[in-house]
Each structure stands twice: as C-alpha cells, then as structure tokens.
Amino acid sequence: MSVNVLVGIQWGDEGKGKIIDVLTSAAEMVVRFQGGNNAGHTVENGDEKHVLHLVPSGILRPGVPCVIGNGVVVDPIELKKEMELLRDRGVDISSIQVSSRCQLIMPWHKLLDAFNESSAAKKGKKIGTTLRGIGPAYTYKVARTGIRGGEILNKEAFKQRFMEQGEAYNKLYVPAGATELDLEAAWKDLEPALDFVKPYIRDTVVTINEAAQAGKKVLLEGAQGMFLDIDHGTYPFVTSSNTTTGGACTGTGLSPRAVTRVWGVIKAYTTRVGEGPFPTELFDDMGEHLRTKGGEFGATTGRPRRCGWFDAVACRYSCMVNGVDYLAVTKLDVLDGLDTVKMCVGYKINGEIVRDFPAEACSFSDLEPVYEDLPGWKESTENARSFEELPVNAQKYLERMAKEVNAKIGIISVGPKRDQTFALIPDCLG
Ligand code: GDP
Ligand code: IMO
Ligand code: MG
C-alpha cells in the first residue's frame, strides 16, 4: 500500500497546497480529511495561481480523483462556488467526490460563528476565527444534530430538517442577540447548491479503501496545522478538528495500518493568523520583513499573518505527535539575504529552561524564547535545485533544523512555483 499523510507542523499556512500539488504528479488519489473552507491552500501552476479552500490541492493534475472525506465540514454554497470557479478556469472537476458522511455547514453555523466571536470580543477573548462556521458545524456534529452530506440525496427530508433546525436556532439564539435567519430566503440560497453537489456524493470510505487496497498512491491532505489541533494545539485558540496525523484516519475511514508515510510541511520560520500564543513572534522590523518578503497575508481572510523565527521546541513536539517521517521545508528563500538567522531552541518559563511545548495557556504569559544565532546567507536560494546548490549556511541551517526536530528532510521548497522544489529522497510517494 502507499498511503501518504501530509500535515502542517506549525500554525497552518506552511505551504501544504504547494507540496500536495508537487506530490500529486505521482499520486492516484488526493483526499481532504478535516477542516473546511477555513483552509486556504495556494497552488501556483504556470502563470496561474489557485487558492483552494475545500477542493483537494491535487485537482490541478488531470485525472487524479479528489475526495472530500467524512471528517470535513462542507459548506455546499462555498463548494459550488469553488467548483464553478475551477471549471470556468478550465480545470476538470469531474473526479471530485464528496463523502456522504461529511458534515454540512448550514447558514446558522455561520451566524453562530459571528455571534460567538462578537460576544467573546466584548470580553477580550475572541479566537479570531475565519467566520466560516467551522466551530459551530463541528459542535453540531458532536452534539449529534448535524446534517450530513448523504442527506442531500433526499431533498424533501432535507428541507424538513433544515426548517426544523433553522427554527430551533432562531428560538434559542436570537433572544440572546444572534442574527435572525430568514429561513425561506436561506433555503432559496441553499437549494441550488444542494442540487449542484448531489451528483458528487459517494460513500468515500469505500472508494478510498478500495484505492488503497488496490495499491494506488493515495495522498491525504491535512488542513491547518499542529498547533491549531483541537486536542494538541494552543487551546482554546485552535480550530475545531484534529489537524494532526490521527485525524487522517478518522477523517477518511482508513485504518492506521494503512498509513505508510507521514509528511510534515514546515516553514523555515513561523507564522500564525488569529489570536493565541506564539512564542517566537516578532513585533519589530524583522517581523515586518518576513511578512513582506514572504507575502504573509491570509489566503482565506486576507488578514496579515503574525511572523516570527523558527521555533524548534514547538516543531520537535509537533513532529513527535505527528510521527513525521519526512519534512517538506518551505519558504527557505524568504530567509535569503539576512546576516543572522535566529532559531528558538528552548523556552525560559519562570526562570527555568524548558525544552517541551507547554500544555497550559498560562505558561505562555511568562515565556521567553531562548535563541541561538546562526549565520545567514547572502546568496539567493530561489534557483537551487539540489541540496548541494544551496549556500553552505543555508545547508547548515536546514541540518540544524532537522536535528532539532528529530526528523529527516525529504523536500525543500525555494519559491511558490512547482519547479522551485527539489527532493532529497527518490520516489517521494514510495
Ligand atoms: P497552506 O495553507 O499550507 O497551503 O499555505 P498557504 O497557501 O496559505 O500559504 C503559503 C504561501 O506561500 C502561498 O502564497 C504559497 O504560494 C507560498 N509558498 C509556498 N511555498 C513557498 C516557498 O518555498 N517560497 C515562497 N517564497 N513562497 C512559497
Ligand atoms: P490552512 O489549511 C491558518 C485559524 C484561524 C483562527 C483559528 C480558528 O490554510 O493552513 P476557525 O475558522 O477554524 O474556527 O478558526 O484557526 N485557522 C487557520 N490559520 N491556516 C489555516 O488553514 C487556518 N484555518 C483556521 O485564523 O485562529
Ligand atoms: Mg493557508
């Protein structure tokens, strides 16, 4: 079997979309397993730039089935828009499959996301969500009241559930201050999207397992990143799904025994969007430099990303939880031209040096990163196509990174384009 899982090692936006697209040249199926259209995965394909939110990043390689697995929360209106946009750009969307077990994001989930965030903001406690209804949709799933993809197949029953749940939302939340939903208008918006998505609904647990058992090269595409994981992230400043490797099994219906390789996508520095702890965040000119040079603005919401140095403490913890076999290091080129590059190798908490990532949010309020200064490199890495072609100090930086996080480097990315990538191992999906 060949089932590769690819996850983000930091706070998301590591460049997962680009690496998935590169790996898809050899893949035979690509599957999203969690999250929803909170994700923004950028793929630069020739002169074209695509930002994918729900559709797997393998879609730009014709003939590769792209599956939205059962662990994903799907907004039918947004999925229709994304698929139509791709189709209008000449992309073949006929291979898309949507799980009958996925949870659907309904209009009240989006209103609840906004209501929860504005209520929390009044107390200075907002999460800074993408406002796509992700958290409320997963809340309904766990409460066992969610509407699933398969229910689209029976529109009459669907409409009844829609009206009942919409009314329940209006009764429960509008008196508390949430926006009232005009149910007839909301149904009118939703119905064409349901009709559009209907032909793509499948029992994807079966199609994914059949592909894996037939020896097809299956690539499981994570969204967000380790520290946004609902269990392992910087709770409560997280998303509402398991973004780590474990989520790849529950979100597809594949057994853990099926997974043959884990890829961890890791940015050569760190970024975060939204609120929450970020030990190596920079508030100075260097932070601004990374943001500008790295184009660090959210692919989904356009918000400026918070930027900082590479955090080896956090990434070592992340590689452990994810069981990373190989790293795909991205955005090395953004560090070109610096005299010194800093790497965080420990945390000082209450005067003590700590080398494990703390579980408690309170530990972050008195956290000071312990940095090591590494010599930078003046040369551009953008045209390097092998490890040996990189400046010596860039090689040393990568070697140090791999040693600190306890994982091997398999791929290096030195620019947003497909060809600005090289592998250090043969047959990447082996
Ligand atoms: P994802 O959410 O993990 O897929 O990442 P995003 O697409 O949100 O953000 C990554 C950004 O960096 C995108 O604009 C990519 O085009 C870009 N990118 C990816 N790899 C590289 C790289 O190696 N160098 C540079 N300069 N940009 C990259
Ligand atoms: P990709 O897949 C970066 C962040 C939001 C917020 C928190 C919760 O492109 O890496 P949510 O809307 O999920 O309830 O928001 O998670 N967040 C992301 N940050 N990249 C993402 O996805 C993200 N998806 C959600 O900014 O802090
Ligand atoms: Mg992104």
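Given the structure is predicted, the values throughout are model-derived calculations rather than measurements. Counting starts at 1 for both ligands and their atoms, following the listed order. Along the sequence shown, residues carry numbers from 1.
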Next on the checklist: Is it the case that atom NZ in K123 sees more than 12 heavy atoms from other parts of the structure closer than 6.0 Å?
Outcome noted: no
Have a look at [options] and point out the one with the heavy atom closest to [atom].
atom                    : options                : result
atom 1 (P) of ligand 1  : E221, K417, K16        : K16
atom 2 (O) of ligand 2  : Q10, R272, H41         : H41
atom 24 (N) of ligand 1 : D333, T421, V414       : D333
atom 16 (O) of ligand 2 : T129, L228, N116       : L228
atom 5 (C) of ligand 2  : P136, G274, G128, G233 : G128

Ligand 1 to [X] polar contact by distance, N or O atoms, under 3.5 Å:
X    : value
G17  : yes
G415 : yes
G15  : yes
G40  : yes
K49  : no

Purely on distance, is any nitrogen or oxygen of [X] under 3.5 Å from one on ligand 2?
X    : result
T130 : yes
S240 : no
E14  : no
D113 : no
G40  : yes

Specify side chain, backbone, both or neither for [X], according to which of its non-hydrogen atoms lie closer than 4.0 Å to ligand 1.
X    : result
K18  : side chain
P416 : both
R305 : side chain

Item to check | Heavy-atom gap V238 to ligand 2 smaller than 4.0 Å | outcome: yes
Checklist entry - Mind checking whether W11 has a heavy atom under 4.0 Å from ligand 2? => result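 Heavy atoms of W11 do come under 4.0 Å of ligand 2.
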Next on the checklist: Below 30° counts as parallel, above 60° as perpendicular, anything between as tilted: where do the rings of W108 and Y140 land?
Outcome noted: tilted
Next on the checklist: Students often mix this up, so state it plainly: with edges at 30° and 60°, are the rings of F357 and F364 parallel, tilted or perpendicular?
Outcome noted: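 Geometry flag for F364 against F357: tilted rings.
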Item to check | Ligand-side contact atoms (ligand 1) for residue partner S413, heavy atom cut-off under 4.0 Å | outcome: 20 (N), 21 (C), 22 (C), 23 (O)
Checklist outcome for this item: Under 4.0 Å from one or more heavy atoms of H41, ligand 1 contributes atoms 1 (P), 2 (O), 4 (O), 7 (O)
Checklist entry - Do N242 and D231 pass the side-chain hydrogen bond (donor to acceptor under 3.5 Å, both in side chains) test, and can you show the C-alpha distance, the side-chain angles, and the key distance before you say yes or no? => result CA-CA 7 Å; N242 283 118; D231 286 282; 3.0 Å; yes
Checklist entry - Any N/O/S of A39 under 2.8 Å from the Mg ion (ligand 3)? => result no
Checklist entry - Going by the atom numbers of ligand 2, which of them fall below 4.0 Å from some non-hydrogen atom of R303? => result 5 (C), 26 (O)
Next on the checklist: Strictly below 4.0 Å, N to O, side chains only: are R132 and D75 in salt-bridge contact?
Outcome noted: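 No, no charged N to carboxylate O under 4.0 Å.
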Checklist entry - In terms of side-chain geometry, is the basic nitrogen of R32 or E221 positioned less than 4.0 Å from the acidic oxygen of its partner? => result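 The answer is no: the pair does not qualify as a salt bridge.
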Item to check | Which residue and heavy atom of the protein sit nearest atom 27 (O) of ligand 2, plus the separation | outcome: V273 O, 3.1 Å
Checklist entry - In terms of residue, atom name and distance, what is the protein heavy atom nearest to atom 23 (C) of ligand 2? => result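 Answer for atom 23 (C) of ligand 2: Q224 CG, 3.6 Å.
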Item to check | Pair W309 + Y269: ring centers closer than 6.0 Å | outcome: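 No.
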Next on the checklist: Given P136, which partner from the list I105, L111, N116, V73 fulfils the side chain to side chain contact (heavy atoms under 4.5 Å, CB included) test?
Outcome noted: N116
